[in-house]
Amino acid sequence: MVQFTKQFEGQLVPEWKDAFVDYAQLKKDLKKIHLLTSGVEEEHTETSLIKTINSSLGKLSLFGNKERERPRAIKVHTKLASSVSNSDVYETELLETIADDTDAAKEFFMCLDTQLNKVNQFYKTKEKEFLERGECLKKQMEILIEVKDAFNQKQANGEPTQESKKDDSISCTISSEEDSIKSRTEETELQEYCLEDLDNNGKEALESPRSEESIIINNEDSKLRTVSGRVFSCQGRNLNIKIPLTNPSRKFSAISYFIKEDLINQSSSKRRGPDGVNKLRISKKTLNHAEKMIKGALTELYKGLNYLKTYRNLNMLAFMNILKKFDKVTGKQILPIYLKVVESSYFNSSDKVINLSDEVEEWFIKHFTGENRRKAMKYLKPHHRKESHSVTFFIGLFTGGFVALLAGYIIVAHLTGMYRKQSEKTVYMETAMFGLLFLHLFLYGCNIFMWRKARINYSFIFELGSENELKFRDVFLICTASMSVIVGVMFVHLLLLAKGYSFGQVQVIPGLLLLVFFLTLIFPLNIFYKSSRYRLISVIRNIVFSPLYKVVMLDFFMADQLCSQVPMLRNLEYIACYYITGSYATQDYGYCMRVKYYRDLAYAVSFLPYYWRAMQCARRWFDEGETSHLVNLGKYVSAMLAAGTKVAYEKEGSIGWLCLVVVMSSIATVYQLYWDFVKDWGLLQHNSNNPWLRNQLMLRQKSIYYFSMVLNIVLRLAWLQTVLHSSFEHVNYRVTGLFLAALEVIRRGHWNFYRLVFIHWGIDEFTETVLEVLNLVLRLAWLQTVLNSSFDHVDYRVAGLFLAALEVIRRGHWNFYR
């Protein structure tokens, strides 16, 4: 049977972890009581029979009154709700001695009362937020339905106009009259409330809506201004365009889009009605987009309500289990007394969340799925893909096949003298290339397993949807199946050569294998994890053209992986040269090493991953303005210089180049180690509670962090093999290079885990400082009132539009980090 502690920690919502019952602390307090009451257990055992008889007699009606008159061990007092917290406060009074040490019992019940008050307060706050959000969405949905009905009536009446031939729309108006300062203030406050309410719509869920813009249709009688400060009036209703800022990287582009569209509409709308009102047509496409956004908002609301239900159920189980343990330790009957208080407390007795959840289901079934409940539940409660046992079976099957084929390949290669023949250089390079690639993929599968075990929401960090997210078993299946195929093909290739087949024909096999893997990557049919393959292609495209694309988390994370795969890229460059130039037919294996432009291409391949990563840092500095990105860029420039000197030393082999390799590699190593520990992992904080670590640790054992730091240093110093190359004179240099390249891949896989742990905690001090400054600057937008003279040549409406946009940006920025 699984311990409740593990079950509790495994099911709680990570974002609300601090709001749950501190079950571990209650167990510690109970353990103190248990140590103090060890001498009381014998007395309790002797009187257990008498207590059993008394409890049985008490159940009879004749002795029922006597049982009720027995004094209780505790009494729970309920204080009136305070004006600030607006929730009841519980305090427990001990009516008799429960343990030898009364202070320990008082401490336990004090902690228990604190946890109950905390749970009630948090639940009430979240419930209020969800109810307000549900009410707002209900109004928006009602107005959207009315507008859609107006479209349907227009199409049914058959009223085509010249304008409607291009696009189905309904006529709306834009109010351009000036309002008083008081009305503008009221409108701004109401709009800010709606923006805050819907921006937080999916906050409690683990995934946020992926949209960049949506439409809010408001049912208020007062005029609401949009981001541009105008009122969209349609069918007697007001439509308010709104941008849900799901993450900081999207808010500026979304705001810019709507401001640009707003200005175009202002300049292009020349029709005016008799009341001086501008005409505006809202297309059906816009309303369909609004329907899609409200549908997503309802889905996220329903998901948040389910999280709140989970919060209530888990806390109820926690109280019940800890009270059972308390009764078992002390021999008292505390559970029935205190459990009645817990059951009657607000978080367990309130049914508003359940009612709202039922209402959301009814809304969704009625308006979005045509009374089809099963279809609605697929949206509201999507079933996660079940992990089939067949995947585990094939992982084991391919693993066994890979091990057997690899053993046979090594034996045959040794007997035929493969490592002593220059003719097998291409086969070795291709095997090493695929080996490094799938070793990296295997370590990524291990990372996914560890992230899931540590409850790191990696799919949200990488912005991966359910359709293109790979589970760790899927990654292991890809690795084992691919390596089985690769080693099998190489084994057949070696056997054909040993039997005397034509070398020109057999040598085509490795090239065909590489071509098959490339075609599989771009295969258009929906098989072999198509969505994941195409997502990988798009990420690689963003990396190659990194200065031209905005950098997101997955892009620079993937670019960091490529920095550890320089040997694989160089092998790929040699194999491409070998087959493109036709060297496989002439058996001229040194051609790609002799020709100058191919040697220069090898230099470029060594620099490319670091160049791409440096360009990403430059783009992030350009977009965000953080100087830390420029410092990070310097790290990759030092790595480029170290890689360049190493390639030059492999070519020249002189003492001068060797000294330069040592100097540049040492500088780059120190630079990279500092960035790994301080910036990427968030460690080496001298003021933290944990010596040379940080305050918040995901892993309980601190020794693991120290060991990981030492291991990272050792693996970072693998370049010393260049200096100590003479020590490996009895080992083939290609085997040594493959071993060192594998060590770098292992170091990167080890680095990946701690990097995402640090991102998950979100304690990057540089980012927090910049965002605080940004929030302060946006808060000072009111200075435009004082500096109004600076905008003499700008229309006051444009200035108002700009200030309104700044406030929306600040609110979206605040929502995300709130």
Side-chain angles (χ1 to χ4, degrees), residues 394-395 397-413 416 418-419 421-442 474-525 527-530 532-533 536-537 540 562 565 567-589 591-592 605 734-735 737-738 741-742 745:
F394 282 110
I395 291 175
L397 179 65
F398 287 125
T399 301
F402 167 70
V403 172
L405 290 171
L406 182 61
Y409 181 75
I410 293 174
I411 294 173
V412 175
T416 56
M418 169 193 168
Y419 294 108
K421 290 183 179 181
Q422 182 70 12
S423 60
E424 296 299 324
K425 182 174 182 179
T426 305
V427 178
Y428 169 80
M429 280 193 163
E430 185 159 345
T431 306
M433 180 189 68
F434 282 120
L436 292 175
L437 175 63
F438 290 107
L439 173 63
H440 206 143
L441 193 60
F442 173 78
D474 298 324
V475 177
F476 290 156
L477 179 61
I478 294 173
C479 292
T480 54
S482 301
M483 288 306 300
S484 297
V485 172
I486 292 169
V487 177
V489 170
M490 295 296 101
F491 185 68
V492 171
H493 173 270
L494 197 59
L495 289 178
L496 292 177
L497 286 178
K499 291 183 178 181
Y501 281 85
S502 172
F503 184 82
Q505 297 177 353
V506 176
Q507 199 66 3
V508 178
I509 294 178
L512 291 177
L513 177 63
L514 182 61
L515 181 62
V516 167
F517 272 96
F518 177 75
L519 294 178
T520 303
L521 180 64
I522 63 174
F523 195 62
L525 297 183
I527 56 176
F528 303 129
Y529 305 102
K530 177 187 175 182
S532 300
R533 289 188 283 111
L536 175 63
I537 293 174
I540 294 176
L562 291 179
Q565 288 286 5
M568 184 203 73
L569 295 176
R570 293 188 64 181
N571 287 341
L572 179 62
E573 180 267 337
Y574 175 83
I575 293 171
C577 170
Y578 179 75
Y579 283 102
I580 291 175
T581 59
S583 299
Y584 71 96
T586 60
Q587 301 183 23
D588 188 0
Y589 306 101
Y591 177 78
C592 295
V605 168
R734 290 174 292 180
V735 177
L738 175 61
V745 172

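The model shown is predicted, which means the values in this text are computed figures rather than measured ones. Side chains are part of it too, since the values below use all heavy atoms of this structure and drop only hydrogens, waters and symmetry mates.
Side-chain contact between H493 and Q507: present, with at least one pair of heavy atoms (C-beta onward) separated by less than 4.5 Å. Contact annotation: the side chain of V485 approaches that of L513 to within less than 4.5 Å [non-hydrogen atoms, C-beta and beyond].
Here the straight-line distance linking atom CG of L514 with atom CD1 of I509 works out to 14.0 Å at 0.5 Å rounding. Taking CD1 of I395 as the reference point, atom CG of D474 lies at 8.0 Å (rounded to 0.5 Å). Distance check: Y501 OH to L495 CG gives 10.5 Å after rounding to the nearest 0.5 Å.
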Exercise for the section: For side chain to side chain contact (heavy atoms under 4.5 Å, CB included), just list the numbers for F402 and T480, CA-CA rounded to whole Å, side-chain angles, deciding distance to a tenth of an Å, and then say yes or no. Expected result: CA-CA 7 Å; F402 167 70; T480 54; 6.0 Å; no
Handout entry: Stepwise side chain to side chain contact (heavy atoms under 4.5 Å, CB included) check, L572 with V605
Key = CA-CA 10 Å; L572 179 62; V605 168; over 6 Å; no
Problem - L437 and F517: CA distance, side-chain angles, deciding distance, side chain to side chain contact (heavy atoms under 4.5 Å, CB included) verdict - result: CA-CA 12 Å; L437 175 63; F517 272 96; over 6 Å; no
Exercise for the section: Show your working on side chain to side chain contact (heavy atoms under 4.5 Å, CB included) between H440 and L436 and close with a plain yes or no. Expected result: CA-CA 6 Å; H440 206 143; L436 292 175; over 6 Å; no
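Applying the ring pair (Phe, Tyr, Trp, His ring centres under 6.0 Å) test to F398 and every residue at least two apart in sequence or in another chain returns nothing.
Across all their heavy atoms, Y579 and P510 have their closest contact at OH-CB, 3.3 Å. The nearest pair of heavy atoms linking K530 to P524 is NZ-O, 3.0 Å. Taking each heavy atom of M483 and F434 in turn, the nearest pair found is SD-O, 3.9 Å. Nearest heavy atoms, L521 versus R533: O-NH1, 3.0 Å. Residues Y578 and C592 approach most closely at N-SG, 3.7 Å, considering heavy atoms. Nearest heavy atom pair, residue L405 against residue S484, reads CD1-O, 3.6 Å.
Shown here is F442, whose CZ atom has no more than 12 heavy atoms of other residues, nucleotides or ligands within 6.0 Å.
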